[in-house]
Amino acid sequence: MRLSKNFTHTLRDAPADETSRNAQLLIRAGFIYKEMAGVYTYLPLGLRVLENIKQIIREEMDALGGNEIAMTALQNKETWQASGRWNDDVMDVWFKTKLANGSELGLAPTHEEPLTKLMKQFISSYKDLPMYPYQFQIKFRNELRSKSGLMRGREFWMKDLYSFSRNRAEHDEFYEKASEAYAKVYERLGLGDITYKTFASGGSFSKYSHEFQTISDVGEDIVYVHEGRRIAINEEVYNDEVLADLGITRDELVEKRAVEVGNIFTLGTKFSDALDLNYTDEDGKQAKVFMGSYGIGPSRLMGLLAEHFSDDKGLVWPEAVAPAKVYLVQIGKKSLGVADELYEKLMTNGVEVIYDDRDERPGAKFADSELLGIPYRVTVSDRLIDDKKYEFTARSNGETELLTEQELIARLD
RNA sequence: CGGGGUGUGGCGCAGUUGGUAGCGCGCACCGUUCGGGACGGUGAGGCCGUCCGUUCAAAUCGGAUCACCCCGACCA
């Protein structure tokens with residue numbers, strides 16, 4: 001991407017109505033635009049980050065055997081009445097609206113009901129099971145109070161996967177695999193060290209559900225971390241019974257504030273009962289499909305990554321999600337052609353480059369390269385061009401080396 | 001939803017005892033600059049969130065309302 005062709009600009013000052021670090025940095029850097037409280041537009045650079053996060057999740061879901069789909073945001077009333085969740089007293093985050101003919105509609109806050117209904121059309125035999133459809137979608141939740149930039153929005157991205165299994169045993173096996181896949185996602189995002197599988201309240205079909213909680217001051221949850229076992233207990237189930245279950249004593253745990261970055265839940269037959277999702281088993285008998293749900297919020301993760309990977313100069317994206325690998329700074333007139341060639345060469349090699357070809361002074365380019373948080377900066381300047389050297393700087397630690405073109409290309413391979 | 005705070009050019013802010021808006025950044029043009037957000041000059045851009053009221057006169061006073069932020073409650 002040539003910066004001269006990018007319509008967004010950076011801001012020196014963050015908007016005063018944003019106090020969360022993630023929103024301030026992402027808005028200053030031109031990654032997102034605030035539409036209203038808890039509702040943000042993803043601009044070109046921000047969209048790249050969001051898509052990179054989604055792609056990591058997608059790869060892990062596909063590895064689990066997931067089938068990606070894209071469901072609708074508009075929801076009809078009848079589907080939700082079957083489970084009782086159309087009622088505002090049961091589900092209090094609905095955005096509801098009406099068709100021109102007066103019939104009621106809702107904007108989906110989650111998708112258990114419509115997906116269960118959808119799967120009725122395709123599941124009729126044990127041979128159709130297990131199946132794991134999933135999607136990335138914008139969810140709408142009429143939160144009483146949105147907060148902290150991307151961390152809690154009224155419109156946000158979610159990956160939701162649902163498992164449809166023949167029975168409890170088959171479900172439990174998948175549930176474990178899904179848990180491992182989630183751990184891999186956080187590992188790849190660079191959050192592995194501070195993310196804990198956390199015991200949380202379950203439902204009718206399981207004593208616990210599991211959350212993935214990332215330790216962070218911006219978190220809304222309190223968890224009790226057992227560092228040795230790499231697990232945590234959500235404060236909502238922090239009691240003697242649970243401690244006994246897990247064979248843990250209070251003095252082994254440390255209280256921490258954390259962000260819920262994922263949640264896996266055994267639904268059992270709650271929704272297959274409500275919507276009558278059955279299959280014929282090997283003996284020709286009818287049985288209920290056993291379900292689970294597995295959610296991750298890519299937009300919340302983007303906010304958390306911005307919070308966690310940043311310093312006084314701006315963002316510091318992990319390579320896995322950065323909008324580009326290299327920020328190419330060109331200084332002077334003589335070296336312009338060399339920089340153009342290097343840009344083309346790197347792009348041809350499959351290296352994502354943000355080329356700062358703007359008519360700006362070096363200081364502005366350096367400052368923006370840091371604000372945007374691109375992992376590596378390559379400087380091509382008149383000063384170095386006669387020696388055919390390129391300056392290579394890592395955003396994470398600021399270390400700079402002078403490299404030849406060959407060394408540079410090898411380094412970025 | 002309870003409590004607190006804030007609304008003035010794209011962003012950050014100032015505006016005194018009411019007299020019809022100003023600064024910095026950014027933007028446009030000219031010149032000088034050019035390795036850490038340059039300098040000088042010229043210029044564009046705002047009916048001061050909205051509505052009602054008080055007044056000869058309202059960004060400023062009163063009321064209502066909307067929006068945004070923070071704390072709390074809430075969070076399949």
Side-chain angles (χ1 to χ4, degrees), chain A residues 7-20 23-24 27-30 33-40 75 80 83-94 106 108-113 115 139-149 151-154 156 158 160 162 200-204 209 211 218-221 234 236 259-260 263-267 270-271 274 291-295 297 300 313-314 329-336 356 358-372 377 379-385 389-391 393 398 400 402:
Chain A
F7 72 82
T8 64
H9 302 291
T10 56
L11 287 174
R12 212 180 275 244
D13 302 303
D17 70 352
E18 291 282 9
T19 54
S20 71
Q24 286 194 340
I27 290 172
R28 278 188 60 209
Y33 170 81
K34 182 190 208 147
E35 202 64 44
M36 60 182 101
V39 180
Y40 294 89
Q75 300 291 309
W80 290 80
S83 68
R85 291 208 295 177
W86 181 255
N87 189 329
D88 290 336
D89 296 333
V90 178
M91 180 88 92
D92 63 1
V93 292
W94 274 112
T110 177
H111 279 83
E112 283 84 359
E113 282 84 347
L115 184 55
K139 305 291 187 194
F140 299 92
R141 294 189 185 179
N142 199 351
E143 301 277 359
L144 253 39
R145 179 187 166 204
S146 64
K147 57 179 286 198
S148 308
M151 307 301 287
R152 176 175 288 280
R154 296 202 167 93
F156 60 96
M158 181 184 272
D160 43 333
Y162 302 89
S201 56
S204 326
S209 67
E211 295 167 345
V218 293
E220 296 180 304
D221 294 340
N234 192 306
E236 68 189 17
V259 175
E260 184 185 339
N263 173 261
I264 62 177
F265 203 98
T266 297
L267 298 172
K270 179 177 175 184
F271 295 96
M291 294 171 56
S293 70
Y294 312 80
R300 175 180 281 183
K313 290 175 177 168
V329 172
Q330 189 275 321
I331 300 172
K333 294 218 164 60
K334 263 197 315 188
S335 59
L336 189 56
D356 195 342
R358 300 172 302 171
D359 182 22
E360 289 286 347
R361 296 169 63 85
K365 295 187 178 189
F366 291 146
D368 276 346
S369 78
E370 282 150 354
L371 177 59
L372 299 195
R377 179 171 77 213
T379 307
V380 176
S381 78
D382 290 4
R383 184 196 284 184
L384 302 167
I385 206 62
K389 286 287 176 69
Y390 302 86
E391 198 174 87
T393 307
T400 295
L402 283 182

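Note on naming: letters A, B, ... go to the chains in the order of the sequence lines (proteins, then strands), and numbering restarts at 1 for each one.
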Practice prompt. Test A/T10 against A/L372 for side chain to side chain contact (heavy atoms under 4.5 Å, CB included), laying out the working first.
Written response: CA-CA 9 Å; A/T10 56; A/L372 299 195; 4.1 Å; yes
Within the 4.0 Å heavy-atom criterion, would you say [X] contacts the bases, only the backbone, or no part of the nucleic acid?
| X | result |
| --- | --- |
| A/S148 | sugar-phosphate |
| A/R28 | base |
| A/K34 | sugar-phosphate |
| A/R377 | base |
| A/I27 | nothing |
| A/D92 | sugar-phosphate |

Nearest-Å distance for atom pair [atom1]/[atom2], residues [X] and [N]:
| X | N | atom1 | atom2 | value |
| --- | --- | --- | --- | --- |
| A/E391 | B/G36 | CD | P | 11 Å |
| A/R383 | B/G36 | CZ | C1' | 11 Å |
| A/D359 | B/G37 | CG | C1' | 14 Å |
| A/H9 | B/C11 | NE2 | P | 14 Å |
| A/K139 | B/C75 | NZ | C1' | 16 Å |
| A/D368 | B/C11 | CG | C1' | 14 Å |
| A/R361 | B/G36 | CZ | C1' | 10 Å |
| A/E18 | B/A67 | CD | C1' | 13 Å |

If you measure from the [atom1] atom in [N] to the same atom in [M], how many Å do you get, rounded?
| N | M | atom1 | answer |
| --- | --- | --- | --- |
| B/U8 | B/U16 | P | 16 Å |
| B/A21 | B/G15 | C1' | 8 Å |
| B/G9 | B/A14 | C1' | 14 Å |
| B/C25 | B/A38 | C1' | 14 Å |
| B/A59 | B/G22 | C1' | 12 Å |
| B/C66 | B/C51 | C1' | 10 Å |
| B/G37 | B/U42 | P | 25 Å |
| B/G43 | B/C56 | C1' | 36 Å |

Using the side-chain heavy atoms of [X], tell me which of these nucleotides is nearest: [options].
| X | options | result |
| --- | --- | --- |
| A/D17 | B/C68, B/A76, B/G35 | B/C68 |
| A/P15 | B/A76, B/G12, B/G35 | B/G12 |
| A/A364 | B/G35, B/G37, B/C13 | B/G37 |
| A/F366 | B/C70, B/G35, B/C75 | B/G35 |
| A/D13 | B/C71, B/G12, B/G37 | B/G12 |
| A/P362 | B/A76, B/G35, B/C75 | B/G35 |
| A/E370 | B/A76, B/C1, B/G36 | B/G36 |

Give none if [N] has no partner; otherwise give the nucleotide forming a Watson-Crick or G-U wobble pair with it, both distances under 3.5 Å.
| N | result |
| --- | --- |
| B/G31 | B/C39 |
| B/A73 | none |
| B/G19 | B/C56 |
| B/G46 | none |
| B/G9 | none |

[X] side-chain N/O to [N] phosphate OP1/OP2 under 4.0 Å:
| X | N | result |
| --- | --- | --- |
| A/T19 | B/C70 | yes |
| A/R141 | B/A76 | no |
| A/R12 | B/C11 | no |
| A/R145 | B/C71 | yes |

Fill in: Pair A/D160-A/K139, side chain to side chain contact (heavy atoms under 4.5 Å, CB included): steps then yes or no
CA-CA 10 Å; A/D160 43 333; A/K139 305 291 187 194; 2.7 Å; yes
Worksheet item: Do side-chain atoms of A/K365 reach the backbone of A/D356 as a donor and acceptor pair under 3.5 angstrom?
Response: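 Yes.
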Discussion item. For the residue pair A/S201 / A/E236, report whether a side-chain donor-acceptor contact shorter than 3.5 Å exists.
Written reply: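 Judged by distance alone, the side chains do pair up.
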Discussion item. Assuming nearest nucleotide by heavy-atom distance, tell me which of A/A37 and A/K333 is located more 5' along RNA chain B.
Written reply: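 Looking at the nearest nucleotide for each, A/K333 comes out on the 5' side.
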Worksheet item: More 5' along RNA chain B: A/S20 or A/P109, using each one's nearest nucleotide?
Response: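 Upstream on the strand: A/S20.
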Worksheet item: Testing A/K34, A/R28, A/Q24 for side chain to side chain donor-acceptor pair (under 3.5 Å) with A/E18, which one passes?
Response: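 One option only clears the test, and that one is A/K34.
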Discussion item. Test side chain to side chain contact (heavy atoms under 4.5 Å, CB included) on A/Y390 and A/L384; report intermediate values, then the result.
Written reply: CA-CA 7 Å; A/Y390 302 86; A/L384 302 167; over 6 Å; no
Item to complete: Carefully, step by step, assess A/E112 and A/K270 under the rule side chain to side chain contact (heavy atoms under 4.5 Å, CB included).
Response: CA-CA 10 Å; A/E112 283 84 359; A/K270 179 177 175 184; over 6 Å; no
Fill in: Geometric class of the A/W80/A/W94 ring pair [parallel <30°, tilted 30-60°, perpendicular >60°]
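A/W94 and A/W80: perpendicular rings.
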